[in-house]
Structure formats: C-alpha cells, structure tokens
Amino acid sequence: MKKIDFRVALPNLITIIGLCLGLNSLKLAFEGNFEKALIFIVLASIVDALDGRIARLIKGTSKFGAELDSLTDFVNFGVCPVIILYFWILNDFGFYGWIISLIFIVSGCLRLARFNIDSETKGSWEINFFTGIPVPAGAGLILLPMIINFSSFNEYFDIKPIFILLVVIFVSYMMISRVPTYAIKQIKISKTIFIFLALGFVLFFSFLFQNTYETLTILGFVYLLSIPVSFIHFSRLKKKYVK
C-alpha cells in the first residue's frame, strides 16, 4: 500500500478541519444561533490562512492540497456566509433573496476558477495583487452588516434589509470584477518590521478574543478603505512596468 508523507497529509488535514468548521456554521445558522455561526466562519478563515502557510513552511505543498483548499474556500466562503445571511435576513425577500444568494455563490465559484488560472500567468510585479475581491474577503464583507448588528457599534448604524441586499449584489460584482486588491502572500519584510508585525498580531487576536464583533467591524472597514488604495497603487505600477 502506498504511504502518504506526513508533511503532505498535515496541511490537508488542517484544511478538512476548516471545512468542518464552515459546515458547522450552517448548522448553527439553521438553528438560529447566528452569533456562534459567525464565530465558526471566523475560525474557518483563520484555519484557511494557516494551512497553505504551514504547507509551504514544512515543504508539504501538493496539487491535491491546492485543489482541496480551493474547494474548501468555495464551501466555507462562497456558500456558507450567504446561506447564513439568507437564514438571518435575505429570506424576508422571498424568491428575490434566494436569487441574490445564488448570484453570490456563482460569483464566488467564477472568482475561484479565475484565480486558479491567473495565479499561473501573472507577472512578477502583479503577484502582490488579486484581480477582484478574493472570496474570503467577499464573505467577510457580506457578513459585515450582521457583525455590526452584534457589536456595540449597532447604535450608530441603522442598517435596513434592502441595504444588506445591495451589499451582497455589490460584493458579488466586485469578486468577478477586474479591480485590483492587495494580496500580501508574496510581500517580503525586514526582521525589524516582522517584530512589530508579530506584536500587532498579538494585539489583534487579543482584541478579537475580548471584543470579537467590534474588532471584526473595524477590520472590515479597514479592508474597504484598502480597495481604492490598492487600485491607485496598481495603476502606478502598471504605468511603470507596462510600456
């Protein structure tokens, strides 16, 4: 019987754990426990951020792992978040709420398919940019109104159901658009910056543990602000390198 290298198996096992977390969020949403459903999606996103990095660190990358990660991203961030949102508010729109949910799911599928192709053809200066909003970020953005609702910031926002519907449509478009957004996977930093970055992560996860929804709300708005910045940065680099 053919044996599997543990270095290859470990990242795939972590990916499967992330998949289970995402699927459990659906169960919780179906039961009406939306706060816990959000927590499980957050945990799934943390696992998603770790599995690929662990695979590269221990030299356990594989084509199977890449495909498994892509399929898991589709379920966890292309399907689960909008279904949670449907159970929470979109079902109030009946047939139209479901159609909008399907639009997001299909957009996420198309976005991942394009990513799998584009990652093989990008130039060196383009490697730090995604084409369109990545699916995990899109999931976070459509869940942002729900996150705000469970945070202490909800008294400052009067979020109407129709606004949430429009957010899902907008994010669906942004995922399949050609708008460049930052990808930090290939950015190289000095040891000094790494130390400050590590301290920043400690503070972030401390706040995330203590004030979960408030921290996620701020993170969501920071990402939104980064989109026009990344567009301007990409445009300047394109003028410099593309003659």
Side-chain angles (χ1 to χ4, degrees), residues 18-19 21-50 72-93 97 100-101 103-105 107-108 111 130 132-175 181-182 184 200-228:
L19 176 61
L21 290 170
L23 292 173
N24 271 294
S25 72
L26 285 182
K27 175 181 178 294
L28 290 164
F30 182 75
E31 294 170 351
N33 197 338
F34 296 109
E35 290 192 53
K36 282 189 177 180
L38 283 175
I39 295 298
F40 270 74
I41 287 293
V42 172
L43 291 174
S45 67
I46 292 172
V47 171
D48 177 63
L50 289 176
T72 300
D73 280 354
F74 174 63
V75 174
N76 283 355
F77 310 116
V79 177
C80 292
V82 78
I83 297 300
I84 292 171
L85 208 60
Y86 179 80
F87 285 139
W88 184 58
I89 198 71
L90 293 183
N91 61 83
D92 290 349
F93 294 95
I100 296 304
S101 301
I103 288 173
F104 180 85
I105 292 170
S107 298
R111 172 66 183 79
F130 289 121
I133 292 176
V135 177
L141 290 179
I142 66 165
L143 290 174
L144 188 57
M146 184 189 290
I147 292 169
I148 293 172
N149 182 72
F150 292 130
S151 75
S152 59
F153 298 135
N154 65 342
E155 58 183 291
Y156 303 110
F157 294 89
D158 183 22
I159 301 175
K160 304 294 185 183
I162 188 66
F163 174 77
I164 298 173
L165 196 72
L166 294 174
V167 166
V168 177
I169 295 172
F170 172 73
V171 174
S172 299
Y173 166 74
M174 288 299 292
M175 286 196 300
T181 57
Y182 280 124
I184 60 174
F201 271 105
V202 171
L203 288 172
F204 171 75
F205 281 104
S206 298
F207 280 110
L208 186 64
F209 179 79
Q210 184 66 29
N211 303 101
T212 304
Y213 300 111
E214 290 78 10
T215 304
L216 291 174
T217 299
I218 294 170
L219 182 64
F221 280 107
V222 168
Y223 182 78
L224 280 172
L225 290 172
S226 77
I227 295 174

Quick one: does I84's side chain get under 4.5 Å of M146's, heavy atoms only?
yes
Crowding at CZ, F207 (>12 non-hydrogen neighbours, <6.0 Å)
no
Y173: ring pair (Phe, Tyr, Trp, His ring centres under 6.0 Å) partners, not counting sequence neighbours:
none
Crowded around F204 CZ? As in, over 12 foreign heavy atoms under 6.0 Å?
yes
Donor-acceptor pair, distance only, cut-off 3.5 Å: does the side chain of D92 make one with the backbone of P161?
no
Contact check, side chains of I147 and L216, non-hydrogen atoms, under 4.5 Å:
yes
So do the side chains of L85 and I164 get within less than 4.5 Å of each other, counting heavy atoms only?
yes
Who are the ring pair (Phe, Tyr, Trp, His ring centres under 6.0 Å) partners of F30, not counting sequence neighbours?
F87
State, yes or no, whether a side-chain contact exists between L19 and L23 at a heavy-atom distance under 4.5 Å.
yes
Sequence neighbours excluded, the answer for side-chain contact (heavy atoms from CB on, under 4.5 Å) partners of F209 is none
To the nearest 0.5 Å, atom CD1 of I218 lies from atom CD1 of I148 at 11.0 Å
Using ring pair (Phe, Tyr, Trp, His ring centres under 6.0 Å) as the criterion, list what pairs up with F74, not counting sequence neighbours.
none
May I have the step-by-step check of side-chain contact (heavy atoms from CB on, under 4.5 Å) for L225 and F221, ending in yes or no?
CA-CA 6 Å; L225 290 172; F221 280 107; 5.5 Å; no
So, do T181 and Y223 sit near enough that their side-chain heavy atoms are less than 4.5 Å apart?
yes
Could you walk me through whether I46 and F205 pass side-chain contact (heavy atoms from CB on, under 4.5 Å), step by step?
CA-CA 11 Å; I46 292 172; F205 281 104; 3.9 Å; yes
Pair listing, side chain to side chain donor-acceptor pair (under 3.5 Å) test, anchored in residues 21-35, at least two apart
K27-E31
Not counting sequence neighbours, list each pair that qualifies as a side chain to side chain donor-acceptor pair (under 3.5 Å) and has a residue in residues 138-163.
S152-E214, D158-K160
If we only count heavy atoms from C-beta on, is the I100 to F104 side-chain gap below 4.5 Å?
no
Within the 4.5 Å heavy-atom criterion, are I227 and I133 side-chain neighbours or not?
yes
